[in-house]
Amino acid sequence: MYSHRMGQGHPMGDKYPQNAEWQMSDRYGGTKLASLIASHYLVVERKLKEVFERTGVPMECLGFTLYDHKRQVASRDYFLINPLGTFDCLNLEKSEIEYSDETPGEIIGIDKYVLDRNKLRSAPDFFRIKEDPYVYVLSHKLVDELKQLNPTNVYLTQLEQA
């Protein structure tokens, strides 16, 4: 009900259920658990969560119980990572941004993200893009730390800088 808050970098606080539960979908078979669970949100196993926490970036790490297809507990070691706030990092001239014709300044979509080198000088190791909070940006330093854990189901894209 309040999930849109998390998608935009707002804290869930007491709106997040204390005994949150996730159920594996019947649409997908198998019970092997990856380091990163595909979702609209950043959902990771405990060892990745701990790396994110060490960045010192303000965030919520929201635990839940994951149930398998037979309604048996599959894990209690996964967390929704909700970095709070956004960071102004895009080079708006070099990025390919589609704006609304009806509402000036409203962004409809971004086809190409180009980061602004000057803005990145004060960037944290992990943040959401101001113009598109559903997109996460990780520093090279953080990526290197995560790679040491050999995570599964993690795919990264290097963004252009100008």
Side-chain angles (χ1 to χ4, degrees), residues 1-87 89-90 95-98 107-115 123-160:
M1 181 169 188
Y2 296 99
S3 61
H4 67 283
R5 294 181 53 82
M6 192 166 23
Q8 297 178 350
H10 300 292
M12 289 296 290
D14 62 359
K15 295 184 176 35
Y16 187 77
Q18 288 189 350
N19 297 317
E21 298 178 353
W22 280 37
Q23 175 71 46
M24 290 183 183
S25 171
D26 290 332
R27 289 179 34 193
Y28 306 102
T31 57
K32 185 175 179 181
L33 298 175
S35 303
L36 173 75
I37 297 177
S39 170
H40 295 293
Y41 304 106
L42 187 58
V43 181
V44 299
E45 63 183 342
R46 180 178 300 278
K47 64 182 182 180
L48 294 183
K49 177 197 82 131
E50 292 170 355
V51 172
F52 281 104
E53 285 179 320
R54 285 196 298 266
T55 65
V57 170
M59 70 180 78
E60 293 179 315
C61 298
L62 308 167
F64 59 91
T65 301
L66 177 63
Y67 289 92
D68 67 14
H69 302 92
K70 296 178 181 175
R71 191 70 183 147
Q72 301 295 313
V73 174
S75 179
R76 289 189 170 96
D77 278 337
Y78 279 83
F79 300 86
L80 285 153
I81 305 295
N82 181 23
L84 302 178
T86 60
F87 189 77
C89 64
L90 282 186
S95 296
E96 294 177 12
I97 302 173
E98 184 178 354
I107 294 175
I108 296 174
I110 301 176
D111 294 326
K112 180 181 176 185
Y113 300 89
V114 178
L115 302 175
D125 284 324
F126 173 51
F127 56 90
R128 296 171 184 270
I129 293 177
K130 176 184 164 192
E131 290 80 5
D132 190 353
Y134 285 88
V135 175
Y136 307 101
V137 177
L138 284 64
S139 70
H140 288 282
K141 176 184 163 200
L142 179 56
V143 169
D144 289 344
E145 288 182 47
L146 292 170
K147 281 182 177 177
Q148 291 180 15
L149 300 173
N150 295 318
T152 56
N153 200 34
V154 175
Y155 301 94
L156 301 169
T157 301
Q158 185 163 356
L159 297 176
E160 182 179 332

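These numbers come from the heavy atoms of this one structure, side chains and all, not from hydrogens, waters or symmetry mates.
When all heavy atoms of G63 and A20 are compared, the closest pair comes out as O-CB, 4.0 Å. Taking all atoms of both residues into account, the shortest heavy-atom contact from Y136 to Y41 is OH-CA, 3.8 Å. Here the closest non-hydrogen pair linking P133 and K130 is CD-O, 3.9 Å.
P11 has its side chain within reach of R5: a pair of non-hydrogen atoms, C-beta onward, lies under 4.5 Å apart. Residues L33 and E45 form no side-chain contact, since every pair of their non-hydrogen atoms from C-beta on lies 4.5 Å or further apart. For the pair I110/L90, a side-chain contact is recorded, criterion being any heavy-atom separation below 4.5 Å from C-beta on.
Atom OG of residue S95 and atom CD1 of residue I129 lie 8.0 Å apart, to the nearest 0.5 angstrom. Taking NZ of K147 as the start and CG of L156 as the end, the distance is 7.0 Å to the nearest 0.5 Å. Here the straight-line distance linking atom OH of Y134 with atom NE2 of H4 works out to 8.0 Å at 0.5 Å rounding. With rounding to the nearest 0.5 angstrom, the CZ atom of R54 is 11.0 Å from the NZ atom of K49. Here CG of L138 is found 6.0 Å from CZ of F126. Values are rounded to the nearest 0.5 Å. The CD atom of E131 sits 6.0 Å away from the CD1 atom of I97 when rounded to the nearest 0.5 Å.
The closest side-chain donor-acceptor pair between T65 and E21, if any, does not fall under 3.5 angstrom.
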Give the C-alpha distance, both sets of side-chain angles, the deciding distance and a yes or no for side chain to side chain contact (heavy atoms under 4.5 Å, CB included) between F87 and V137.
CA-CA 10 Å; F87 189 77; V137 177; over 6 Å; no
- prompt: Please walk me through it: do D132 and I107 pass side chain to side chain contact (heavy atoms under 4.5 Å, CB included)?
  reply: CA-CA 9 Å; D132 190 353; I107 294 175; over 6 Å; no
* Verify side chain to side chain contact (heavy atoms under 4.5 Å, CB included) between T152 and K32, making sure each step is shown before the conclusion. => CA-CA 11 Å; T152 56; K32 185 175 179 181; 6.0 Å; no
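S75 contributes a side-chain N or O that, together with a main-chain N or O of D77, makes up a donor-acceptor pair within less than 3.5 Å. Formation of a donor-acceptor pair under 3.5 Å by the E160 side chain with backbone atoms of Y113 is not found in this model. The main-chain N or O of T31 is never found under 3.5 Å from a side-chain atom of H69 such that the two would form a donor-acceptor pair.
Applying the ring-ring contact (aromatic ring centres under 6.0 Å, His included) criterion to Y16, with sequence neighbours excluded, gives no partner residue. Under the side chain to side chain contact (heavy atoms under 4.5 Å, CB included) criterion, E96 pairs with D111, K112, not counting sequence neighbours.
With respect to L146, the side chain to side chain contact (heavy atoms under 4.5 Å, CB included) criterion is satisfied by exactly one of V154, V51, L36: V51.
Counting non-hydrogen atoms of neighbouring residues, nucleotides and ligands closer than 6.0 angstrom, the CG atom of D144 exceeds 12 such neighbours. Other residues, nucleotides and ligands contribute more than 12 heavy atoms inside 6.0 Å of the CZ atom of R46.
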Please output the side-chain donor-acceptor pairs of residues 78-86 that fall under 3.5 Å, not counting sequence neighbours, one pair per line with the distance.
| residue | atom | partner | partner atom | Å |
| --- | --- | --- | --- | --- |
| Y78 | OH | A34 | O | 2.5 |
| N82 | OD1 | R128 | NH2 | 2.7 |
| N82 | ND2 | H10 | O | 3.0 |
| N82 | ND2 | E60 | OE1 | 2.9 |

